[in-house]
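Notes follow once the structure below has been shown.
Both counts, for ligands and for their atoms, begin at 1 and track the order of listing. The chain is numbered in sequence order, starting from 1. Predicted model only: the values in this text are computed from it and were never measured.
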Amino acid sequence: MISIQDVSKVYSLESGHFFALKNNNVHIKKGEFVAIMGPSGSGKSTLLQLMGGLDLPTSGEIIVDGIHLNKLSEKERTLFRRTKVGFVFQNYQLLPVLTVAENIALALSANKTPKEEILQRVKQLIKDVNLEGKESMFPSQLSGGQQQRVAIARALAMKPQLIMADEPTGNLDQKNGSDILQLLTKLNKEEKITIVMVTHDEQAATVANRIILIRDGEIVQDRRKGVAINESLASSMA
Ligand code: ADP
């Protein structure tokens, strides 16, 4: 589903070049629930942004669902993001002037989906994330957990096979965070949606079936439910 090959991301600063990511290789299979963990500033969000086509690597190849992201034009990359990936962010990124239903419908409208189909789909999504009765409310009238559920419904609107979440529980208390992780787990198990989630949340380690640990721009550990995928890396960490 996702193949990262020799990927580096370098930022040019006044002080010189800075490697946010150094020569990383990762392969994520369809249906995996992957948590990317590591200290702040280690490159987690950068890696997620590259996988989601939000940014391009300085070198290396990124292939998602058979699509070589480096080879797409700006326009094709926008279409890729809109149709193939559902994004979920720490601060929800809902539009404050739109209602819950309108926020969820945004990508469908942009994609010129017929109005009747949009209404049906939004209704179903609101049910799926347990927000019935809130469709006409504005984001500011909802709790953080509810806003994140709107964001997840919005991410699901185009029926993506892949969800990329950057600290989805970062602004939530334990209970709401746990509800969001449960919702993501359900989507992963029942809808077989592949999930890649950047997180600091220790609870996340219990729901993901694979944990990739990054330090200083390098993947230093990659474990699937207790099994090291890359033994040499894992043993060098021991
Ligand atoms: P994490 O998600 O692990 O906290 P990030 O991926 O956000 O880390 O950032 C990795 C490193 O790259 C950080 O040191 C950050 O300051 C740097 N960085 C991120 N974006 C930019 C940018 N646009 N310009 C320069 N440096 C950046």
Side-chain angles (χ1 to χ4, degrees), residues 1-28 32-64 69-70 72 74 77-78 80-81 84-94 144 147-148 151-152 155 162-173 177 180-181 184 194-224 228-230 233-234 236-237:
M1 181 104 208
I2 303 177
S3 182
I4 299 280
Q5 297 166 10
D6 290 327
V7 163
S8 295
K9 179 72 183 176
V10 184
Y11 291 112
S12 297
L13 306 173
E14 274 176 25
S15 51
H17 295 311
F18 174 77
F19 277 77
L21 290 172
K22 292 174 215 159
N23 270 319
N24 288 289
N25 290 282
V26 196
H27 301 278
I28 295 173
E32 286 198 286
F33 188 155
V34 182
I36 302 178
M37 303 184 85
S40 185
S42 55
K44 305 181 295 294
S45 297
T46 304
L47 183 61
L48 195 77
Q49 282 171 15
L50 295 179
M51 288 181 183
L54 287 164
D55 200 357
L56 289 171
T58 308
S59 60
E61 279 276 329
I62 300 175
I63 306 165
V64 180
L69 299 193
N70 313 37
L72 300 182
E74 274 299 319
R77 207 146 52 85
T78 304
F80 163 83
R81 288 194 299 264
K84 296 278 181 186
V85 190
F87 291 97
V88 178
F89 301 96
Q90 177 169 1
N91 58 0
Y92 328 126
Q93 297 205 3
L94 301 173
Q147 289 186 59
Q148 194 58 299
I152 291 174
L162 185 59
I163 285 187
M164 305 243 176
D166 198 345
E167 298 278 7
T169 61
N171 283 1
L172 302 175
D173 60 26
I180 291 298
L181 291 176
L184 292 173
T194 308
I195 299 181
V196 186
M197 171 174 72
V198 164
T199 188
H200 276 104
D201 189 341
E202 287 301 326
Q203 292 185 85
T206 61
V207 298
N209 46 40
R210 179 172 172 187
I211 297 176
I212 292 175
L213 187 64
I214 300 198
R215 220 168 268 166
D216 296 331
E218 287 180 275
I219 294 174
V220 291
Q221 201 174 81
D222 190 349
R223 288 182 167 268
R224 194 179 276 134
I229 292 171
N230 188 329
L233 274 178
S236 71
M237 288 292 297

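Near Ser42, the atoms of ligand 1 lying under 4.0 angstrom from a non-hydrogen atom of the residue are 1 (P), 3 (O), 8 (O). Atoms of ligand 1 found under 4.0 Å from any heavy atom of Ala20, numbered from 1 in the order shown, are 12 (O).
Of the protein's heavy atoms, none falls inside 4.0 Å of atom 16 (O) of ligand 1.
From the protein, the heavy atom lying nearest to atom 9 (O) of ligand 1 is Thr46 OG1, 3.7 Å. Summary of contacts: the protein heavy atom closest to atom 4 (O) of ligand 1 is Gly41 N, 2.7 Å. Of the protein's heavy atoms, Ser45 CB, 3.7 Å lies nearest to atom 7 (O) of ligand 1. Protein heavy atom in closest approach to atom 19 (C) of ligand 1: Tyr11 CE1, 3.5 Å. Of all protein heavy atoms, the one closest to atom 8 (O) of ligand 1 is Gly43 N, 3.2 Å.
Atoms CG and CG, from Asp6 and Asn25 in turn, are 4.5 Å apart once rounded to the nearest 0.5 Å. The CG atom of Asp166 lies 3.5 Å from the OG atom of Ser45; values are rounded to the nearest 0.5 Å.
Proximity of Leu13 to ligand 1, defined as any heavy-atom pair under 4.0 Å, is confined to the side chain (atoms from C-beta onward).
In terms of N/O distances under 3.5 Å, ligand 1 is not approached by Phe18.
At distances below 3.5 Å, at least one donor-acceptor pair connects side-chain atoms of Asn70 with backbone N or O atoms of Gly60. Remark: side-chain polar atoms of Lys44 are paired, donor with acceptor, to backbone N or O of Gly38 under 3.5 angstrom. Using modelled atom types, no side-chain atom of Asn209 and backbone atom of Glu32 make a donor-acceptor pair closer than 3.5 Å. Looking only at distances, a side-chain donor or acceptor of Glu167 sits under 3.5 Å from a matching main-chain atom of His200.
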Quiz prompt | Derivation and outcome, side chain to side chain contact (heavy atoms under 4.5 Å, CB included), residues Asp216 and Lys22 | solution = CA-CA 8 Å; Asp216 296 331; Lys22 292 174 215 159; 4.3 Å; yes
Exercise. Show your reasoning for whether side chain to side chain contact (heavy atoms under 4.5 Å, CB included) applies to Gln90 and Gln148.
Key: CA-CA 8 Å; Gln90 177 169 1; Gln148 194 58 299; 5.8 Å; no
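Heavy atoms of Pro39 come nearer than 4.0 angstrom to ligand 1 in at least one pair. Residue contacts with ligand 1 do not include Gly38, since none of its heavy atoms lies under 4.0 Å from the ligand.
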